[in-house]
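Down below is the structure, laid out as structure tokens.
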Amino acid sequence: MIPDSLKKPPTISVRPAEVSQLDEFMKGVPSLPGSDGSIQVSFSKRQWDLINTIISTFLWIINLLSIRKVGIGIIRKVLKITLTPISPPKNSGDELNPDSIGNSDKEITIPEIDDGLIVPNNSDNGDGANAPQVDLPVKKPIPRPNHNGRRNSDDLRVMNFKDHGHPEINAGDRCLVKRCRGRVYPFLRDGKPREVITFDFTPPFQATVHRMNDLRCNFCFRVYKAPFSDDLIKNGATKGRYLYPAQAALVILHYGMGFPMYRMDQFQSMAGERFPESTQFSILERVADFFKRYTEAMVKNAANGFLVQGDDVSSRIQDLIPELRERRSNGQLVLREGVHTSLLISTTAEGNLIPILKTGLNHFGELLDEVLSKRLPGLLPPHLVCDGSKVNQTFVLDPIKGGCWEHLREYFIKAKKNFPTEGEFFVSLIKKIFEFDRNTHSMSAEKRLEYLKEFGLPLVEKIKNKVDELLINKKALPKSELGQALLYFDGQYKNLTMPFEYPGIPIHNNLSEWCTYLMVRYLVNSKQFKNNVGAAIGDTLIMVILFSYLSSVNPYEHILYCLRHREEFKKNPEDFFPWKLRGKVGAVPEHKQMRFW
């Protein structure tokens, strides 16, 4: 059964003039007192039908809106109401009178609604879950601001234009319609012709045959060779067959996107143009040699940074031979065979980020010693942020070491499984500390320190008191999840409080954690390095890519710009640091930064 409130209203044809007459009648109709004291008004049958129809339709729409979110456009479509176009004023000085809209003599019919339109449920428990459902016409989705992936020609950076004309008529010709005396002219929309965008496929690396029309004298046999165009010379056509755009694209695809060489060769073979693995490696090796002095300049500038962050990620070198080395934790001589990629990110005084990578039988602490040994004398020790592992300590300088609250949070999250009350207590407080730190992103270092001292330091003391209480009362075993978390906080308490005592120290090491994903993605696809040479090439080129990302510069355009300006690059590589090229090369879109996974 359809509820009475949702049954279709009666239909009636009415002219707008009748509504106006009813309004005038209501204002001047004589009212007579009834026998019971009520006011009685005399209406004709037509007027009663009109009032009943208007009220019924109004109540039907109100009930319809109460059970489902329905827009005016859908109601108009259900009622089959067509909009009457409004003619603009004839004179430019005349204004459009809103009162005149709809005051025409055209009949307006409220049509019948199909019985099957409203489908109520059998029951309703009062909470709206089983409320009557209305099958209304599906409303077309409103395009989002980003066009749901659809782009205009203005949004495309690299595109080719191709003009198409009518095969039978040109601009200025007579119209082809019979008995028409007009001529056809370009039909422009917003000053541009109609545009249709299509996407085609070409292999990533495509060969082009340049036919050089050389000339030779038939008397002295002198040959006049045809030169390359300026664009080809700019892209290195005189240096080899693989142009600079192809070299930069190969670096990004292999080390930036994790595309293996053998898979690239297979894909190119499907497209009909092979690109052997040996050829790819020789190109990457030449590009890495080209950036060798560049990475040396990066290490030189990174050594003088005021803040250093870093971490290790497991790696693999196939032909690596284990070596006898001292263990950094206790100095014991052991056979080292674990391969790691150590990442160091140095923040300069100007706020620029410089990444340093090294793959081999090393840890972050050894890379830190190597970099800090090049630090200029007289500079204050840098701030250091890393996890609490003993392999991350340095023996060159005594930096101001800060702890990582993200690692501490992970410890307590693991402890929540068996210790839900204590785990939730610590996780909620650490969450508030992160929220306070997030509020300081736009502040200066000094104001950030004052803010964290005022709002964050009391939470740290609260965590400290709770940890001491649990440790004294021995509420958790040392090897349990909660016991490990408590001991980690107790051992790293001094380092964890450094961000609340010194300006400019972050409370976590997430930046280096994010950046290691670039190496992880490469190893997931390519599995390993063949030898130390391949590892050194990978470190060099990944450093360049990561350097561009951290400076919000497009890595492809950055590498291509350096290759195109080889002579200036060799003289002074530091002039080609990405933050100095902003405005000359494209930037990475904001929502794409740091997305290495």
Side-chain angles (χ1 to χ4, degrees), residues 201-207 240-292 295 311-321 337-343 355-362 513-549 554-560 562-563 588 592-597:
F201 166 77
T202 56
F205 303 94
Q206 191 172 16
R241 60 169 58 189
Y242 294 98
L243 303 182
Y244 297 150
Q247 297 179 25
L250 180 60
V251 171
I252 299 300
L253 287 174
H254 185 61
Y255 290 111
M257 304 299 172
F259 213 89
M261 297 181 189
Y262 75 93
R263 210 174 289 169
M264 179 68 71
D265 187 18
Q266 292 177 356
F267 185 72
Q268 286 289 132
S269 300
M270 295 178 185
E273 299 179 14
R274 283 207 61 191
F275 197 18
E277 301 174 48
S278 58
T279 304
Q280 297 179 48
F281 182 79
S282 62
I283 294 174
L284 295 173
E285 187 177 17
R286 290 198 300 270
V287 177
D289 291 340
F290 173 74
F291 279 101
K292 184 177 180 180
T295 54
D311 203 354
D312 289 324
V313 59
S314 297
S315 186
R316 185 179 179 185
I317 300 178
Q318 183 176 352
D319 297 340
L320 188 65
I321 301 175
E337 55 184 359
V339 181
H340 298 88
T341 295
S342 301
L343 171 67
I356 306 296
L357 272 81
K358 185 177 182 181
T359 302
L361 298 173
N362 53 261
E513 296 280 354
W514 294 336
C515 293
T516 55
Y517 274 85
L518 191 63
M519 178 61 72
V520 170
R521 185 172 63 182
Y522 171 77
L523 293 174
V524 166
N525 290 277
S526 296
K527 304 300 181 185
Q528 62 190 4
F529 293 105
K530 174 65 176 175
N531 47 38
N532 286 326
V533 175
I537 293 173
D539 291 342
T540 299
L541 297 179
I542 292 177
M543 281 172 60
V544 176
I545 296 173
L546 195 55
F547 198 15
S548 302
Y549 271 119
N554 190 318
Y556 169 76
E557 295 188 11
H558 177 216
I559 296 175
L560 182 59
C562 295
L563 291 173
V588 179
K592 296 295 183 181
Q593 289 184 9
M594 310 302 295
R595 287 183 57 179
F596 306 135
W597 52 93

Shortest non-hydrogen contact from [X] to [Y]?
X	Y	answer
Gly258	Asn525	O-CB, 2.9 Å
Ala248	Leu563	N-CD1, 4.4 Å
Thr341	Ser315	OG1-CB, 3.4 Å

[X] vs [Y] side-chain heavy atoms within contact, under 4.5 Å:
X	Y	value
Leu523	Phe529	yes
Ser548	Glu557	no
Ile317	Thr359	yes
Glu277	Met264	no
Pro245	Tyr556	yes
Val339	Leu361	yes
Asp539	Met519	yes
Leu546	Leu357	yes

Exercise. Under 3.5 Å, is there a donor-acceptor pair linking the side chains of Asp311 and Thr516?
Worked result: no
Value rounded to 0.5 Å, distance of [atom1] in [X] from [atom2] in [Y]:
X	Y	atom1	atom2	value
Asp312	Lys358	CG	NZ	12.0 Å
Cys562	Tyr244	SG	OH	12.0 Å
Tyr255	Ile545	OH	CD1	9.0 Å
Asn554	Ile252	CG	CD1	7.5 Å
Asp319	Lys530	CG	NZ	4.5 Å

Exercise. Under 6.0 Å from the CZ atom of Arg316, do we count more than 12 heavy atoms belonging to anything else shown?
Worked result: no
For this session: Starting from the C-alpha separation in whole Å, work towards a yes-or-no answer on ring-ring contact (aromatic ring centres under 6.0 Å, His included) for Phe205 and Phe267.
Result: CA-CA 10 Å; Phe205 303 94; Phe267 185 72; 9.9 Å; no
Review item, side-chain donor-acceptor pairs of residues 278-292, under 3.5 Å, at least two apart:
residue	atom	partner	partner atom	Å
Gln280	NE2	Met261	O	3.1
Gln280	NE2	Phe275	O	2.8
Ser282	OG	Ser278	O	3.4
Ser282	OG	Thr279	O	2.7

Problem set entry | Test item: His254 side-chain N/O and Phe259 main-chain N/O as donor-acceptor pair under 3.5 Å | yes
For this session: Examine distances only and state if a side-chain atom of Glu273 and a backbone atom of Gln268 form a donor-acceptor pair shorter than 3.5 Å.
Result: no
Exercise. How far apart are the C-alpha atoms of Thr295 and Phe547, what are their side-chain angles, what is the distance that settles it, and do they pass the side-chain contact (heavy atoms from CB on, under 4.5 Å) test?
Worked result: CA-CA 10 Å; Thr295 54; Phe547 198 15; over 6 Å; no
For this session: Please name all residues satisfying side-chain hydrogen bond (donor to acceptor under 3.5 Å, both in side chains) with Gln318, sequence neighbours left out, ordered by chain then number.
Result: Gln528
